[in-house]
Amino acid sequence: MNTQASEKLYHRAGTVLPGGVNSPVRAFKAVGGTPLFIERAEGAYLIDVDGNRYVDYVGSWGPMLIGHAHPQIINAVRTALSKGTSYGAPTEVEVELAEMVIDAVPSVEMVRFVNSGTEATMSALRLARAYTKRDKIVKFEGCYHGHADMLLVQAGSGLMTLGLPDSPGVPDSAVADTLVAQFNNLDSVQNLFEQNPAEIAAIIVEPIAGNMGVVPPQAGFLEGLRKIAGGGGALLVFDEVMTGFRVAFGGAQSLFKVIPDLSCLGKIIGGGFPVGAYGGRKEIMELVAPSGPVYQAGTLSGNPIAMTAGLETLKILKKTGTYDKLEHLSEKLAHGIRQAAESVGLPLFQTRVGSMSGMFFTSKKVVDLATAKTSDTKKYARFFTEMLNRGIYFAPSQFEAAFVSLAHDQEQIDQTISAAKEIFEIISS
Ligand code: KE4
């Protein structure tokens, strides 16, 4: 692969952007090599500045569930752009998108749009603390909820990728009320509630962890959290920034039939534009300013262009058969990769919920951070690089997710499976 233009741009970017990127996981630090600078994207493909085409399984880290440059989105955004880009005032389109989110997501009766998943989780926890009049929060090691100070404790995603358990610059005072439990371990949560009676405002969890690689909830885990939170006077907050509209139109909560008190959304609901959201029962949400005293604001919240892209995306996803198609393609991919690993005796633990999947080069069963970390990250780096050389772009980190989109088809799945067969031969030897 000729990547000279990317290399040149990476060098130039490094003089003006920290690490040459605007988000750490993009820097290929865990897999080596030069981050690819993207010129454009269409359907299931990325095209880099050297003209190389890649089947894209990153999908901008989740948002591009319907594929890149979908004509329906482009046309709707083009029309919206002709009317201006931001007003800092209410618009009909943000009401339409809110109505669609409320109709789709079981826990949401009222919603507030923000500009990122980080803002969504940060605001949801402020609201939970106000509603319960308590300060402590419970999160899970390996889960990532954006980079708000109180949540940068044993977090996943880029922090795991870069081996940074926490971050300098976060004062002890900011995390003094953050308690950490183990994913899929209800006792670890119950113990925290017993050690901190009547002090915990919320449990925040990715209902399907996607930032330590993909780790689904074991049977009873989410139901157990629902029970512990309810019994302990705390709110249950589902961070569905990644899973919302990804694993089902109503998110993980509709798939697993466990209804949280608050839900955080992002990624897909912006159709590729900066959007986040938090929502829940009206009696909680009406505490948010200006209807209530809990302050949260944003210059570009509900931006009409972003709302337009999100609304058109959800209209496409709402169509019958969407999630069946995603399931069919994703199962084919997972099956092919599993067969490829088995044919060479390569230890590989696969995880998948719908069109988000993970693979761990370990013989262990991955159920939490500790078992996720038994994965051979050097093997993953080799897998990533060999795939890239074959025109297939997986996440440049073991501790992320692979995403299939509606734009992927059998041809790309077959291409990926045959590449996996070749690569597994190489890395298993
Ligand atoms: P943003 O602030 O990046 O929009 O959302 C933060 C966030 C919150 N909750 C979950 C479950 C998330 O996965 C994320 C962000 N995900 C990462 C990748 N897994 C975004 C990629 C990046 O950091 O560049």
Side-chain angles (χ1 to χ4, degrees), residues 121 124-125 128 134 136-146 150-157 159-160 163 165-166 175-243 247 251-253 255-264 349-353 356-360 362-375 398-401:
T121 58
L125 291 174
R134 296 177 178 184
K136 287 187 165 47
I137 58 168
V138 173
K139 79 173 286 290
F140 293 87
E141 59 179 18
C143 283
Y144 177 72
H145 305 289
M150 64 185 153
L151 289 164
L152 284 184
V153 180
Q154 297 180 56
S157 186
L159 288 130
M160 266 187 82
D166 299 319
V175 295
D177 290 319
T178 303
L179 307 172
V180 181
Q182 283 69 49
F183 194 73
N184 277 321
N185 179 337
L186 288 170
D187 289 346
S188 70
V189 183
Q190 189 59 48
N191 291 341
L192 291 174
F193 273 75
E194 284 160 13
Q195 292 152 17
N196 301 273
E199 293 182 71
I200 296 173
I203 299 172
I204 184 166
V205 67
E206 293 177 60
I208 302 160
N211 287 289
M212 53 177 117
V214 173
V215 182
Q218 299 217 297
F221 178 61
L222 297 179
E223 295 80 352
L225 293 183
R226 178 65 280 174
K227 207 156 148 257
I228 294 170
L235 296 188
L236 179 58
V237 182
F238 272 9
D239 176 351
E240 296 225 41
V241 167
M242 187 185 290
T243 56
V247 297
Q253 59 194 267
L255 203 60
F256 293 104
K257 299 181 176 36
V258 175
I259 311 304
D261 299 296
L262 289 173
S263 295
C264 303
F349 186 80
Q350 283 182 302
T351 53
R352 182 174 75 81
V353 180
M356 66 187 268
S357 63
M359 62 176 86
F360 301 86
T362 178
S363 47
K364 291 227 185 297
K365 185 178 181 228
V366 177
V367 294
D368 57 13
L369 178 63
T371 43
K373 286 167 85 169
T374 67
S375 184
Q398 161 70 67
F399 303 115
E400 294 292 348

- What distance separates Leu159 CG from Asn211 CG, expressed to the nearest 0.5 Å?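 These two atoms lie 10.0 Å from each other.
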- Message: To the nearest 0.5 Å, what is the distance between CD1 on Ile200 and CD1 on Ile228?
- Response: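 These two atoms lie 9.5 Å from each other.
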- Task: Check ring pair (Phe, Tyr, Trp, His ring centres under 6.0 Å) between Phe360 and all other residues, then give those that pass, not counting sequence neighbours.
- Result: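 Phe360 satisfies ring pair (Phe, Tyr, Trp, His ring centres under 6.0 Å) with no other residue.
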- Item | Check ion pair Arg226-Asp261 (N to O, under 4.0 angstrom) |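 Looking at Arg226 and Asp261, the cut-off is met.
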Say whether, by atom type as modelled, one donor and one acceptor occur between the side chain of [X] and the main chain of [Y] under 3.5 angstrom.
X      : Y      : result
Asn184 : Gln218 : yes
Lys136 : Asn196 : no
Gln182 : Asp368 : no
Ser157 : Tyr144 : no
Gln398 : Met359 : yes
Glu240 : Ala252 : yes
Asp166 : Gln154 : yes

- Taking all heavy atoms of Met160 and all of Leu369, pick out the closest pair and write down the distance.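 Closest heavy-atom pair between Met160 and Leu369: CE-CD1, 3.2 Å.
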- Determine the minimum heavy-atom distance between Gln253 and Pro260, stating which atoms define it.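 Residues Gln253 and Pro260, closest heavy atoms: OE1-CD, 3.6 Å.
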- Can you tell me if Ser188 and Asn191 form a side-chain donor-acceptor pair at under 3.5 Å?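 Not at all, the side chains of Ser188 and Asn191 share no donor-acceptor pair under 3.5 Å.
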- Side-chain heavy-atom pair Leu236, Leu222 within 4.5 angstrom cut-off: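 No, every pair of side-chain atoms sits at 4.5 Å or beyond.
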- Query: With a 6.0 Å cut-off on ring centres, are Phe256 and Phe238 close enough?
  - Reply: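 No, too far apart.
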